[in-house]
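Structure, as structure tokens:
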Amino acid sequence: MSRDHVQSAERPTDEPEAPPYGAEVPFLELLARGASADAYEQPVLLARAQGRPDRWIAALEHAKLLALRVRSELEGRRRREAELSALFETAHDLAGLRDLDAVLQAIVQRARSLLGTDIAYLSLNDPDRGDTYMRVTEGSVAARFQQLRLGMGEGLGGLVAQTARPYVTDDYFKDGRFQHTDTIDAGVRDEGLVAILGVPLMLGHHVIGVLFAADRRARVFEREQIALLGSFAALAAAAIDTANLLTETRSALAGLERANEIIRDRSAVIERASDVHDRLAELVLRGGGVHDVAAAVSEVLDGTVEFIDATAAPTQALEAFRTEGHAVRHAGDWIAAVAAGGELFGALVLRGHPGLDPVDQRTLERAAMVTSLLLLARRSAAEAEQRVRGELLDDLLDARDRDPRLLRERASRLHADLDTTHVVLAARIDGPAADADQEADARRRLWSAASHLAATRRGLAAARDGGTVLLLPLDAGDTATDLARRTARHLGTAVHEAVTVGSSAPVEDLTAHPDAVAAAYEEGRRCLDALRLLGRSGDGAAAEDFGFLGLLLAGDRDIAGFVDRTIGQVVTYDERRGTDLLRTLDAYFACGMSPARTKDELHVHVNTVAQRLERVGRLLGDDWQSPSRALEIQLALRLQRLTASSIRP
């Protein structure tokens with residue numbers, strides 16, 4: 001059959017007869033290049049402008065309608081392919097489930113992308129607390145909305161949970177078919193949401209949560225979109241069920257492994273006890289060290305035993321040992337305190353033994369006692385070295401000996417390296433003393449504990465200004481704050497009193513610039529005084545921990561460093577991309593952290609504000625809207641403006 005005959009058979013009798021060839025050609029070209037729907041009107045308009053016959057124009061109109069129908073069908077197929085592809089990728093993630101949060105985040109991200117909504121989020125029921133909480137969000141910019149916890153049956157999600165069916169509202173605040181509460185409405189208002197779609201997460205016949213998609217403008221969700229979100233909700237429920245099953249299975253396997261290990265250890269327990277007794281006696285006779293004791297006990301108990309400082313040992317476990325006199329279980333490990341004469345040196349920790357029989361427990365306790373005896377034996381020899389260390393630190397503080405070669409030689413004899421980065425720590429015991437003798441005794445115990453710590457850390461310590469000053473090396477990846485807090489815990493545990501420690505910023509080239517030690521000590525003392533004034537006795541900190549207050553405590557007023565640490569990434573992003581994130585942040589805080597009021601201030605759409613704040617969150621971290629971070633960010637914004645205005649010509 002010829003082409004004209006086919007067209008005649010398919011064309012309704014009341015439609016004009018199309019020319020044999022040519023009318024469909026421009027529309028085929030538009031289909032081929034994926035043109036927009038508006039472009040299909042151009043061939044008809046062009047024909048009218050050229051004065052084509054009515055028969056030709058009618059044929060073009062007919063071809064246009066057919067082409068638009070084909071285009072619509074192709075778009076529908078592409079959309080369905082994208083939806084099926086996203087569902088397949090999500091099912092693939094579920095099949096290789098490793099991290100439940102990552103799978104749920106992927107589901108919410110894909111749902112938001114395919115439905116084209118401003119935000120998507122997932123809430124889960126908490127049977128223990130009897131409420132519902134926000135688990136995953138995508139596109140949210142309001143902190144209060146992200147932290148919502150709702151009572152059962154409240155809000156749109158409550159209606160979905162009650163009916164176990166999807167629910168759609170075109171205008172949330174005008175919809176009276178569900179229970180509104182002040183908490184929910186405040187969170188939704190902060191986020192600026194209008195249209196919301198919610199579908200249930202089902203495990204069997206039980207609703208365990210709700211998956212939502214929402215827009216900040218009025219919108220009607222199509223039936224296909226509701227079905228697609230329901231498919232994602234089914235995958236999310238399957239992911240949660242799979243994760244729960246994996247957790248139960250792993251727990252059962254771990255229990256079987258522990259039981260099997262106890263059975264194996266029981267058969268040789270007496271032999272190990274005899275062996276460890278002989279080994280410990282030999283170590284004492286030949287003057288072995290702490291790590292020799294740990295290695296010997298590790299081999300006998302068929303586990304891993306290590307000695308840790310008092311600062312690294314869990315306080316609760318140490319107190320339990322001192323009360324009961326026996327090794328105690330803590331977080332899967334066994335801990336025996338190493339102490340003598342009321343002074344705590346540290347602890348022996350046995351790892352890899354979830355269960356420990358009485359014989360092995362006594363073996364660990366005996367090893368802890370031997371370790372304390374070895375440490376006491378070495379103390380007398382170390383005291384002379386401690387005095388020498390104090391003299392060297394006194395010289396550095398008073399800057400009397402400025403010869404770098406002599407300083408380096410003296411430090412080398414004490415196994416200290418003044419060429420590495422150090423921090424200066426000012427430590428002091430807090431709490432009133434009954435009399436002068438008790439106060440002097442407390443200071444001596446603090447100096448002794450600090451000297452012991454300095455010797456083990458290849459540093460220096462000296463008594464100074466009613467307290468103790470330490471010069472300790474700063475390891476790679478460590479911070480002055482971390483070192484100050486560990487030192488406060490270690491010294492406080494050793495002397496059984498609260499010890500407050502203030503730290504300087506890291507200092508370098510001590511042999512070339514010995515005056516730097518004295519300046520760093522003054523900075524550490526200012527941090528120490530600040531901690532005590534703030535009521536943080538027994539804590540440790542450096543100037544950087546006090547946020548903008550640190551600018552006053554530091555030896556140098558590093559305003560530029562504070563601004564860079566706080567909002568530097570946002571400044572750099574604006575400079576490189578020509579964006580306006582800093583101005584948006586200023587307006588956001590000035591408008592009480594309300595996106596709705598911020599968009600009026602900036603004269604932009606609320607979606608623009610949401611997108612900018614979402615970018616700020618990615619640059620500064622998820623907690624940038626917390627009260628403490630928000631305060632520092634606002635101060636940094638003001639300092640940045642002052643700095644920028646001061647350098648303008």
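The shown structure was predicted, so the numbers you read here are calculated from the model rather than taken from an experiment.
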**Prompt:** Is there a side-chain contact between Arg618 and Arg615, using heavy atoms and a 4.5 Å cut-off?
**Reply:** yes
**Message:** To check you understand the geometry: which heavy-atom pair defines the closest contact between Pro166 and Ile226, and what is its length?
**Reply:** CB-CG2, 3.8 Å
**Fill in**
One should read off an interatomic distance between Leu148 CG and Ser123 OG, to the nearest 0.5 angstrom, of 10.0 Å
**Request:** Using modelled atom types only, decide if a donor and an acceptor are shared between the side chain of Asn125 and the backbone of Val207 within a distance under 3.5 Å.
**Result:** yes
**Message:** Is there a side-chain contact (heavy atoms from CB on, under 4.5 Å) between Gln634 and Arg629? Walk through the geometry before answering.
**Reply:** CA-CA 9 Å; Gln634 292 178 72; Arg629 286 290 308 279; over 6 Å; no
**Request:** Can you measure from CZ (Arg612) to CG (Asn607) and round to the nearest 0.5 angstrom?
**Result:** 12.0 Å
**Message:** If the threshold is 4.0 Å, N to carboxylate O, is there a salt bridge linking Arg216 and Glu191?
**Reply:** yes
**Asked** Charged N to carboxylate O under 4.0 angstrom, Arg486 versus Asp478?
**Response** yes
**Expected output: side-chain Gln225 to main-chain Glu222 donor-acceptor under 3.5 Å** = yes
**Request:** I would like to know whether Leu602 and Thr598 meet side-chain contact (heavy atoms from CB on, under 4.5 Å); could you show each step before the answer?
**Result:** CA-CA 6 Å; Leu602 298 177; Thr598 303; 3.9 Å; yes
**Prompt:** CD1 of Ile196 to CZ of Arg219: how many Å apart, nearest 0.5 Å?
**Reply:** 12.5 Å
**Prompt:** Are side-chain heavy atoms of Thr132 and Met152 found at a separation under 4.5 Å?
**Reply:** yes
**Item:** Side-chain heavy atoms of Trp624 within contact of Thr566, under 4.5 Å
**Value:** no
**Close side-chain approach of Pro200 and Val210, heavy atoms under 4.5 Å** = no
**Asked** Just how far is it from atom CG of Leu582 to atom CG of Asp574, taken to the nearest 0.5 Å?
**Response** 4.5 Å
**Request:** Would you name the heavy atoms of Gly151 and Asp131 that are closest together and state the gap between them?
**Result:** CA-CB, 4.3 Å
**Message:** I'd like to check Tyr573 versus Thr579 (side-chain heavy atoms, cut-off strictly below 4.5 Å). Are they in contact?
**Reply:** yes
**Stepwise side-chain hydrogen bond (donor to acceptor under 3.5 Å, both in side chains) check, Thr137 with Gln146** = CA-CA 7 Å; Thr137 64; Gln146 298 167 13; 4.8 Å; no
**Item:** Separation of Phe212 CZ from Leu122 CG (nearest 0.5 Å)
**Value:** 8.5 Å
**Fill in**
Residues pairing under salt bridge (Lys or Arg N to Asp or Glu O under 4.0 Å) where one sits in residues 584-607, two or more places apart or in two chains, turn out to be Asp586-Arg641
**Item:** Sub-4.5 Å side-chain heavy-atom contact between Thr481 and Arg485
**Value:** yes
**Message:** Rounded to the nearest 0.5 Å, what separates atom CE in Met202 from atom NE2 in His206?
**Reply:** 8.5 Å
**Prompt:** So which heavy atom on Val199 is nearest to which on Val160, and how close?
**Reply:** C-CG1, 3.8 Å
**Message:** Phe173 vs Val188, test: side-chain contact (heavy atoms from CB on, under 4.5 Å). Steps then yes/no.
**Reply:** CA-CA 9 Å; Phe173 289 101; Val188 174; 4.0 Å; yes
**Message:** Tell me whether Glu61 is salt-bridged to Arg48, with the criterion being a basic N under 4.0 Å from an acidic carboxylate O.
**Reply:** yes
**Request:** Return yes if some donor-acceptor pair links the side-chain N/O of Thr572 with the main-chain N/O of Gln569 below 3.5 Å, else return no.
**Result:** no
**Asked** Does CG in Asp622 sit with more than 12 non-hydrogen atoms of other residues, nucleotides or ligands closer than 6.0 Å?
**Response** no
**Prompt:** So, do Phe178 and Tyr172 have ring centers that fall under 6.0 Å from each other?
**Reply:** yes
**Request:** Ignoring hydrogens and angles, tell me if any N or O in the side chain of Thr608 forms a donor-acceptor pair with the backbone of Val604 under 3.5 Å.
**Result:** no
**Message:** When you compare the side chain of Gln147 with that of Met134, does any pair of heavy atoms fall below 4.5 Å?
**Reply:** no
**Asked** So, for Ser504 and Ala480, which heavy atoms are closest and what is the spacing to 0.1 Å?
**Response** O-CB, 3.6 Å
**Prompt:** Quick one: does Asp215's side chain have a donor or acceptor within less than 3.5 Å of a partner on Asp118's backbone?
**Reply:** yes
**Stepwise side-chain contact (heavy atoms from CB on, under 4.5 Å) test for Leu150 and Thr181** = CA-CA 9 Å; Leu150 317 173; Thr181 68; 5.5 Å; no
**Complete:** Ala214 and Thr117 have their tightest heavy-atom pair at O-CB, 3.3 Å
**Prompt:** When you measure from the side chain of Glu154 to the backbone N and O of His180, does any donor-acceptor pair fall under 3.5 Å?
**Reply:** no
**Prompt:** Does the side chain of Tyr121 reach to within under 4.5 Å of the side chain of Val136, using non-hydrogen atoms?
**Reply:** no
**Message:** Within the supplied structure, the quantity of interest is the number of heavy atoms (other residues, nucleotides, ligands) at a distance under 6.0 Å from Arg165 CZ; does it exceed 12?
**Reply:** no
**Smallest separation among heavy atoms of Leu585 and Val616, with atom names** = CD2-CG1, 4.0 Å
**Prompt:** Salt bridge between Arg149 and Asp126, side-chain N to carboxylate O under 4.0 Å?
**Reply:** yes
**Request:** For the pair Asp482 and Thr479, evaluate side-chain hydrogen bond (donor to acceptor under 3.5 Å, both in side chains) and give the outcome as yes or no after the intermediate values.
**Result:** CA-CA 5 Å; Asp482 295 335; Thr479 66; 3.0 Å; yes
